[in-house]
Amino acid sequence: MSKINIAVVDYGMGNLRSVSQALEHVAPGKNIVVTSQPDEVASAERVVFPGQGAMPDCIRELDARGLRNAVIDAAKHKPFLGICIGLQMLFEYSEEGAVPGLGLFKGNVKRFASATMVDAHGEKLKVPHMGWNQVYQAQAHPLWCGIEDGARFYYVHSYYVQPEDEAVIAGFSNYPGRFSCAIAKNNLFAVQFHPEKSAQAGLQLLSNFVNWTPN
Amino acid sequence: MGLAKRIIPCLDVTNGRVVKGVNFLELRDAGDPVEIARRYDEQGADELTFLDITASSDNRGLILHIIEEVASQVFIPLTVGGGVREVDDVRRLLNAGADKVSINTTAVLNPAMVQAAAGRFGSQCIVVAIDAKKVDNQPFEWEVFTHGGRKATGLDAVKWAEYMVSLGAGELLVTSMDRDGTKIGFNNPLNRAISNAVEVPIIASGGVGNLQHLVDGVKEGGADAVLAASIFHYGEYTVKQAKEYMAQHGIEVRL
């Protein structure tokens, strides 16, 4: 079997076709595999860790497939991109279902305080936070290369991460207060928005990831 | 700056072609769905909605094929609705490349299906479509209709919206059947009543005839997204023109 260039971790929570198709679009000729095999995750050059649905279910399904250690190991040692719940699961604890996460980052996952949220016109802000919001880059990073500061990405989520260590924050958006939407540390980058659904800006980020050589 | 209001071109698909009718009738051919989807993406559409408006079992495979093809070329969210009857239909559409699935008639016949689908795939991909019509013979203002607007249900559209959200709907697509295809504007009082009643985003649909209607849909109707078909299909306006107009009128959009 040929070398796996990119493993998209599949733990049975929904549809990963969008992610793999967008990767195929930016990385033609690469061997991209959607897999729930821990050994394939372990042998891949790069790992994409997506997620949708509810975090307690995601953690449970991840463990049911014996993927926890392979994911943690990849997050520590090879180019790794977390998306949506794949970002949230990296933290210690989530308010959603009051479950512990994988604990790679100190901090919690919190729900938007919907009842108190209004926009500049006094309109109620809806939860889930759904649609295109501006992403501000909190630090220079190879994955932001070619992407304008303040570019819009597509979001759909009700929870966001609150890291203890602000140095890991790579990007933020406002809804209506500032929340962290991108986390970076060494070989790891993780985002709350969906690059696979964010048109040109999203494809640029995925292309940057595919070509990324962390120091 | 924050979250942008979305513009969603809607493609009504039957027998593999995009069509548009007036008040759910008199269908006109508007073109090839994949070609139209690609054009809207280039114009800056924020999402695309496909409604399989005949949705009999014999053309079910056709819409799956169309979604697969669109999803491999267009990297923005895709919603698909029409004839979604069971949780397995949701799974098939998501696997074909849909990001959200819109449930309409089945939500009324079998509300538990909405709950089951949201439980299995997450609320983020479950849209409940509500076709509502102004009525005089009920103790409420707008009644829910099903079967493409042919069957009255006796349900209050606003209460129904709240109930669907309680079962896990992550978004509501609210179509005014009085307005659909008429080009006289959204039913803003209906949309406002539903938007105020629920926490989730609502998409206003039915009746857009000009760009001011889109602005009114957001400002008066409280819509988080506006959906339109014919003004885009027949080239009256591009999505980009619509966004520029909305921006000039103080609405935050993705340009």
Gap separating the CG atom of A:D119 from the NZ atom of B:K5, nearest 0.5 angstrom: 6.0 Å
Considering only NZ, NE, NH1 and NH2 on the basic side and carboxylate oxygens on the acidic side, decide whether A:E123 and B:K219 come within less than 4.0 Å. no
With chain A, the option among B:G122, B:P201, B:G97, B:G44 that has the most non-hydrogen atom pairs under 4.5 Å is B:P201
Around A:K110, counting heavy atoms of other residues, nucleotides and ligands shown, do more than 12 lie under 6.0 Å from its NZ? no
Which bit of B:A118 is near chain A, if near means a heavy-atom gap under 4.5 Å: side chain, backbone, both or neither? neither
Can you confirm whether B:E252 sits close enough to A:Q134 that some side-chain heavy atom of one is under 4.5 Å from a side-chain heavy atom of the other? yes
Pick from B:R91, B:E171, B:Q73 with the largest number of heavy-atom pairs that fall under 4.5 Å of chain A: B:E171
Side chain / backbone / both / neither for A:H121 at chain B, heavy atoms under 4.5 Å: side chain
Tell me, out of A:Q21, A:M130, A:E24, who's got the most heavy-atom pairs with chain B below 4.5 Å. A:M130
In terms of heavy-atom pairs under 4.5 Å with chain A, the winner among B:V198, B:L78, B:V74, B:D41 is B:V198
Measuring heavy-atom distances to chain B, does A:S198 have an atom under 4.5 Å in its side chain, in its backbone, in both, or in neither? backbone
Answer yes or no: are there more than 12 heavy-atom neighbours, outside B:E162 itself, under 6.0 Å from its atom CD? yes
Counting only heavy atoms from other residues, nucleotides and ligands, does the tally under 6.0 Å from CZ of A:R178 exceed 12? no
Under 4.5 Å from any heavy atom of chain B - which part of A:Y155: neither
So which residue, A:G202, A:G53, A:A120, ends up with the most heavy-atom pairs under 4.5 Å with chain B? A:G53
Are side-chain heavy atoms of A:K197 and B:I76 found at a separation under 4.5 Å? no
Tell me, with the steps shown, if A:Q52 and B:F121 meet side chain to side chain contact (heavy atoms under 4.5 Å, CB included). CA-CA 8 Å; A:Q52 50 182 236; B:F121 306 107; 5.7 Å; no
Please test B:L3 against A:W132 for side chain to side chain contact (heavy atoms under 4.5 Å, CB included), starting from the C-alpha separation and ending with a verdict. CA-CA 6 Å; B:L3 186 66; A:W132 299 76; 5.6 Å; no
Which answer fits B:N196, side chain, backbone, both or neither, if we ask what part of it has an atom under 4.5 Å from a heavy atom of chain A? backbone
Does the A:K124 side chain pair with the main chain of B:S195, one donor and one acceptor, at a distance under 3.5 Å? yes
Heavy-atom cut-off 4.5 Å, strictly under: side chain, backbone, both or neither for A:A54 against chain B? neither
Interface moiety of B:A98 toward chain A, non-hydrogen atoms closer than 4.5 Å: backbone
Nearest 0.5 Å please: distance from the SG atom of A:C84 over to the CD atom of B:Q124. 7.5 Å
Spatial distance of atom NE2 (A:H157) from atom OG (B:S123) [nearest 0.5 Å]: 14.5 Å
Is a side-chain donor or acceptor of A:K126 paired with a backbone partner of B:E199 at a separation under 3.5 angstrom? no
What part of B:R254 lies closer than 4.5 angstrom to a heavy atom of chain A: side chain, backbone, both or neither? both
Which atoms of B:D46 come close to chain A, meaning under 4.5 Å heavy atom to heavy atom: side chain ones, backbone ones, both, or neither? both
With a 4.5 Å cut-off on side-chain heavy atoms, are B:F75 and A:Q200 touching? no
